[in-house]
Number of protein chains: 2
Amino acid sequence: METIVDNQKVRITKKLEKMFAHIDYKNPPALCPVRDVMSVASDQWSTLIILWLAYFDTLRFNKLKKYVYGISNKVLSQRLKALEADGYLKREAFPEVPIRVEYSLTEFGHSYVERLLELTEWMQKNSPKVLANREQYGLQ
Amino acid sequence: METIVDNQKVRITKKLEKMFAHIDYKNPPALCPVRDVMSVASDQWSTLIILWLAYFDTLRFNKLKKYVYGISNKVLSQRLKALEADGYLKREAFPEVPIRVEYSLTEFGHSYVERLLELTEWMQKNSPKVLANREQYGLQ
DNA sequence: CATATTGGTTACTTTTAGTAACTTACTCTA
DNA sequence: TAGAGTAAGTTACTAAAAGTAACCAATATG
């Protein structure tokens, strides 16, 4: 049992090393691609947009807005553009009247969802614990 | 081979169902715990703070600030407080002169790192692709 | 001829983030 | 003994981002 836990620790340490060992914090890169990519894909609204698109396969602007409740037209529009630009989703416009626009994930977007779900699943499972922690902290 | 891919799809669909099936978008909850928890833990700066703490085990304020380069005192201080409140890390102050304060992950924080790393690893691996996508999109 | 529709955009306000100077309390140096 | 230095922040101010609500085009319907 101990060895399994230890193995996991070693695995995590290796991943962290791969991620950080090469970084010279005295000469930090002006533009870090990972941060840049993260800021689009891991944004809160983006996360919700991507997950709902994974769930429904295809959604139109106003439907998406209903599911990702609380988002404004402006921000939804901005996020969709950014996510399209980064290759997570595609936009298809049909020249009907009124216009119909369908959004759906690309293959790349689907591959991201696999990882993203691990995280949001964890969030869902642990949110009661976090809220309890937070309340306790507030009482101090 | 096909069945493996199919199995994965089924697994993802199940996860999505578990996450979304119960949500009535016509009566969205005013406060969604998952969103709330996500907004603290998945914030960009928080992510970097947590990962550096996972890498070094213990870091003091100013060291952390150097590794999480670009962050301001104000935001670092805010994030540390929020992450402490939510139970991801603990703060230990030693009454020396000048004061010494050490930050380190809790067990809960470490359990989060496991999931978080999956995501940031993916980001690191795929950031060139994203940047390429973005450039292509810009040319259109 | 007014109204409704979809998928946005625009101008304006509020919230959040970033910048840089300041604080506290003690120690070390000149 | 005045002056500088140090760690871990805080504070006042400015810039950027997000939220709000009204508006738009082009056409169909009542």
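Labels below follow one simple rule: chain letters A, B, ... track the order of the sequence lines, proteins then strands, and each chain is numbered from 1.
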Between [atom2] of [N] and [atom1] of [X], the distance in whole Å:
X      : N      : atom1 : atom2 : value
A:N62  : C:dT9  : CG    : C1'   : 14 Å
A:N73  : D:dC24 : CG    : C1'   : 13 Å
B:L76  : C:dT16 : CG    : P     : 19 Å
B:D43  : C:dA17 : CG    : P     : 7 Å
B:R79  : D:dT10 : CZ    : C1'   : 16 Å
A:Q78  : D:dG19 : CD    : P     : 9 Å
B:K65  : D:dT10 : NZ    : P     : 13 Å
B:R100 : D:dT6  : CZ    : P     : 18 Å

With respect to the side chain of [X], which nucleotide from [options] is positioned closest?
X     : options               : answer
A:V97 : D:dA26, D:dA18, C:dT9 : D:dA26
A:R60 : D:dT27, D:dG9, C:dG7  : C:dG7
A:R91 : C:dA17, C:dG7, D:dA8  : C:dG7
A:I99 : D:dA8, C:dA17, C:dT6  : C:dT6
B:S72 : C:dT10, C:dT19, D:dA8 : C:dT19
A:K74 : C:dT5, D:dT20, D:dA8  : D:dT20

Would A:I71 and A:I49 count as a side chain to side chain contact (heavy atoms under 4.5 Å, CB included) if you check the C-alpha gap in whole Å, the side-chain angles of each, and the deciding distance to 0.1 Å? CA-CA 10 Å; A:I71 198 170; A:I49 291 168; 4.3 Å; yes
Would you verify whether the NZ or CZ of A:R35 falls within 45 degrees of the ring axis of B:Y69 while also being under 6.0 Å from that six-membered ring's centre?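 Yes, A:R35 sits over the ring of B:Y69.
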Check for me whether the distance between the ring centres of B:Y55 and B:Y67 falls short of 6.0 Å.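 No; B:Y67 has its ring centre 6.0 Å or more from that of B:Y55.
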Quick one: ring pair (Phe, Tyr, Trp, His ring centres under 6.0 Å) partners of A:F108, sequence neighbours excluded?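 A:F108 satisfies ring pair (Phe, Tyr, Trp, His ring centres under 6.0 Å) with A:Y88, B:W122 only.
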Pair B:E102, B:R100 - check salt bridge (charged side-chain N to carboxylate O under 4.0 Å, His left out), show working. CA-CA 7 Å; B:E102 294 188 347; B:R100 176 163 57 100; 2.8 Å; yes
Would you say [N] has OP1 or OP2 under 4.0 Å from some side-chain N or O of [X]?
X      : N      : value
A:Y103 : C:dT6  : no
A:K81  : C:dT9  : yes
A:S77  : C:dG7  : no
A:W45  : D:dA17 : no

Answer yes or no: is there a side-chain heavy-atom contact under 4.5 Å between A:R79 and A:V68?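 No. Closest side-chain heavy atoms not under 4.5 Å.
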For A:W52 and B:F20, take the angle between the two ring planes, folded into 0 to 90°, and tell me which bin it lands in: parallel under 30, tilted 30 to 60, perpendicular over 60.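 Because their plane-to-plane angle is under 30°, the rings of A:W52 and B:F20 count as parallel.
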Quantified as the angle between the terminal helix axes (five pairs each), what is the overall bend of the helix from C:dC1-D:dG30 to C:dA30-D:dT1 to 10 degrees?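 The angle, to the nearest 10 degrees, is 30°.
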Let's go through A:E121 and B:K15 carefully: what are the C-alpha distance in whole Å and the side-chain angles of both, what is the deciding distance for salt bridge (charged side-chain N to carboxylate O under 4.0 Å, His left out) to 0.1 Å, and is it a yes or a no? CA-CA 8 Å; A:E121 220 183 4; B:K15 286 186 181 184; 3.5 Å; yes
